[in-house]
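Right, one structure below, let's go through it.
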Amino acid sequence: MAHDIQEHDIGFCKGKTWHHLPQYAELDRAVTLEEALSCFAYEDSIKKIPNPLHYEGEIIDTKSNVIMRTDKNIVLNGAVGSQYSTINMQNITKLAYGQVVEAFNDAEANRQVEIETVGTLGNGACQFVSISFGKMKVHGDDSYTKNRLMVTNDYRGGPIRTLV
């Protein structure tokens with residue numbers, strides 16, 4: 001299993017992946033918004049469910065919850081507090097697409113901003129979208145460095161992150 005890509009994961013990548021697993025489509029073009037959104041189509045099945053303790057015939061309120069993917073009956077996080085809230089990665093992807101890809105993509109200025117990679121890991125527990133925009137030269141390095149912006153959401157306990 002390549003870096004936590006499991007049975008119910010899905011993704012799209014412009015170019016080749018290092019793992020070549022069938023869950024991730026390798027494309028010869030940028031990922032479309034529709035393809036990106038399809039990776040998170042299960043979003044409505046993510047539920048925060050009370051996590052009681054059954055002990056010596058009693059049910060004890062632990063004041064914790066389970067984050068569960070109910071469409072596949074998979075626990076994504078075994079215990080979160082009552083203040084934990086979920087987000088909708090489809091909405092985050094739409095926002096990133098509108099605020100970054102559409103806003104800064106400019107053929108006349110030779111600015112190519114696109115979704116490069118999108119997908120899930122851990123049967124949907126970790127979600128990510130990666131946008132590439134331009135490249136630069138690092139002094140002393142003959143190769144180009146590609147600029148990327150990535151947003152991740154990790155139901156396993158990690159926060160929402162934006163990485164550049």
Exercise for review: Please assess Ile92 against Phe40 for the test side-chain contact (heavy atoms from CB on, under 4.5 Å), listing each intermediate value before the final yes or no.
Suggested key: CA-CA 11 Å; Ile92 298 294; Phe40 314 122; over 6 Å; no

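- In terms of heavy-atom proximity, Gly81 sits nearest to Asn65 at O-ND2, 3.6 Å.
- Scanning for side-chain contact (heavy atoms from CB on, under 4.5 Å) contacts around Ser143 gives Asp141, with sequence neighbours left out.
- Residues satisfying the side chain to side chain donor-acceptor pair (under 3.5 Å) test with Thr93, not counting sequence neighbours, are none.
- Judged purely by atom type and a 3.5 angstrom limit, Asn77 has no side-chain atom pairing as donor or acceptor with the backbone of Val66.
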Could you list the donor-acceptor pairs under 3.5 angstrom formed by side chains in residues 46-61, with sequence neighbours left out?
unit_1: Lys47; atom_1: NZ; unit_2: Asp44; atom_2: O; d: 2.9
unit_1: Lys48; atom_1: NZ; unit_2: Ser82; atom_2: O; d: 2.9
unit_1: Lys48; atom_1: NZ; unit_2: Tyr84; atom_2: O; d: 2.8
unit_1: Asn51; atom_1: ND2; unit_2: Ser64; atom_2: OG; d: 3.4
unit_1: Asn51; atom_1: ND2; unit_2: Gly78; atom_2: O; d: 2.9
unit_1: Asp61; atom_1: OD1; unit_2: Lys63; atom_2: N; d: 2.9

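- In plain terms, the two heavy atoms of Gly124 and Leu76 that are nearest each other are O-CD1, 4.2 Å.
- Across all non-hydrogen atoms, the minimal contact from Cys13 to Lys16 is SG-O, 4.2 Å.
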Practice item. Apply side-chain contact (heavy atoms from CB on, under 4.5 Å) to the pair Ile67 and Val75, showing each step before the final yes or no. Key: CA-CA 6 Å; Ile67 301 300; Val75 173; over 6 Å; no

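- Following chains of ILVMFWY side-chain contacts shorter than 4.5 Å, one can reach Leu121 starting from Leu163, so the two form part of one hydrophobic cluster.
- Listed by chain and number, the residues in a ring-ring contact (aromatic ring centres under 6.0 Å, His included) with Tyr42 amount to none (sequence neighbours excluded).
- Under the 4.5 Å side-chain contact rule for hydrophobic residues, Phe128 and Val151 do not share a cluster.
- Hydrophobic clustering (ILVMFWY, side-chain heavy atoms < 4.5 Å, transitive): Met89 and Ile160 are in one cluster.
- The salt bridge (Lys or Arg N to Asp or Glu O under 4.0 Å) pairs that include a residue from residues 117-131 number zero, where partners must be two or more places apart or lie in different chains.
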With a 3.5 Å cut-off and sequence neighbours excluded, list the donor-acceptor pairs that the side chains of residues 22-37 form with protein atoms.
unit_1: Gln23; atom_1: NE2; unit_2: Gln6; atom_2: O; d: 3.2
unit_1: Tyr24; atom_1: OH; unit_2: Thr120; atom_2: N; d: 3.2
unit_1: Tyr24; atom_1: OH; unit_2: Thr120; atom_2: O; d: 2.6
unit_1: Glu26; atom_1: OE2; unit_2: Thr17; atom_2: N; d: 3.1
unit_1: Glu26; atom_1: OE2; unit_2: Thr17; atom_2: OG1; d: 2.8
unit_1: Glu26; atom_1: OE2; unit_2: His20; atom_2: ND1; d: 2.8
unit_1: Arg29; atom_1: NH1; unit_2: Glu35; atom_2: OE1; d: 3.0
unit_1: Arg29; atom_1: NH1; unit_2: Glu35; atom_2: OE2; d: 3.4
unit_1: Arg29; atom_1: NH2; unit_2: Glu35; atom_2: OE2; d: 2.6
unit_1: Thr32; atom_1: OG1; unit_2: Glu35; atom_2: N; d: 3.1
unit_1: Thr32; atom_1: OG1; unit_2: Glu35; atom_2: OE1; d: 3.2
unit_1: Glu35; atom_1: OE1; unit_2: Thr32; atom_2: N; d: 2.9

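- By the side chain to side chain donor-acceptor pair (under 3.5 Å) test, Glu114 is found to be paired with Lys14, Gln112, residues two or more places apart in sequence or in another chain being considered.
- By the 4.5 Å heavy-atom criterion applied to side chains, Thr117 and Phe12 are not counted as neighbours.
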**Study point:** Stepwise side-chain contact (heavy atoms from CB on, under 4.5 Å) check, Tyr97 with Ile115
**Key:** CA-CA 8 Å; Tyr97 191 83; Ile115 298 175; 3.7 Å; yes

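- Pairs engaging residues 70-97 under the salt bridge (Lys or Arg N to Asp or Glu O under 4.0 Å) rule: Arg69-Asp71 [sequence neighbours left out].
- Tyr144 pairs by the side-chain contact (heavy atoms from CB on, under 4.5 Å) definition with Lys135, Lys137, not counting sequence neighbours.
- Clustering ILVMFWY residues whenever any of their side-chain heavy atoms sit less than 4.5 angstrom apart, transitively, puts Phe133 in the very cluster that holds Val101.
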Exercise for review: Decide side-chain contact (heavy atoms from CB on, under 4.5 Å) for Asn73 and Met68; before the verdict, give the C-alpha distance in whole Å, the side-chain angles of both, and the deciding distance to 0.1 Å.
Suggested key: CA-CA 7 Å; Asn73 289 336; Met68 185 166 176; 3.5 Å; yes

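- A single hydrophobic cluster is seen to contain both Val164 and Val118, as judged by linkage of ILVMFWY side chains at heavy-atom distances under 4.5 Å, directly or through other members.
- Residues satisfying the side chain to side chain donor-acceptor pair (under 3.5 Å) criterion with Ser85, sequence neighbours excluded, are absent altogether.
- Note on residues 145-161: pairs passing side-chain hydrogen bond (donor to acceptor under 3.5 Å, both in side chains), not counting sequence neighbours, are Asp4-Arg156, Glu43-Tyr155, Glu116-Lys146, Glu116-Arg148, Gln127-Asn153, Asp154-Arg156.
- Atom CD1 in Ile5 sits 11.5 Å away from atom CG in Asn123 (nearest 0.5 Å).
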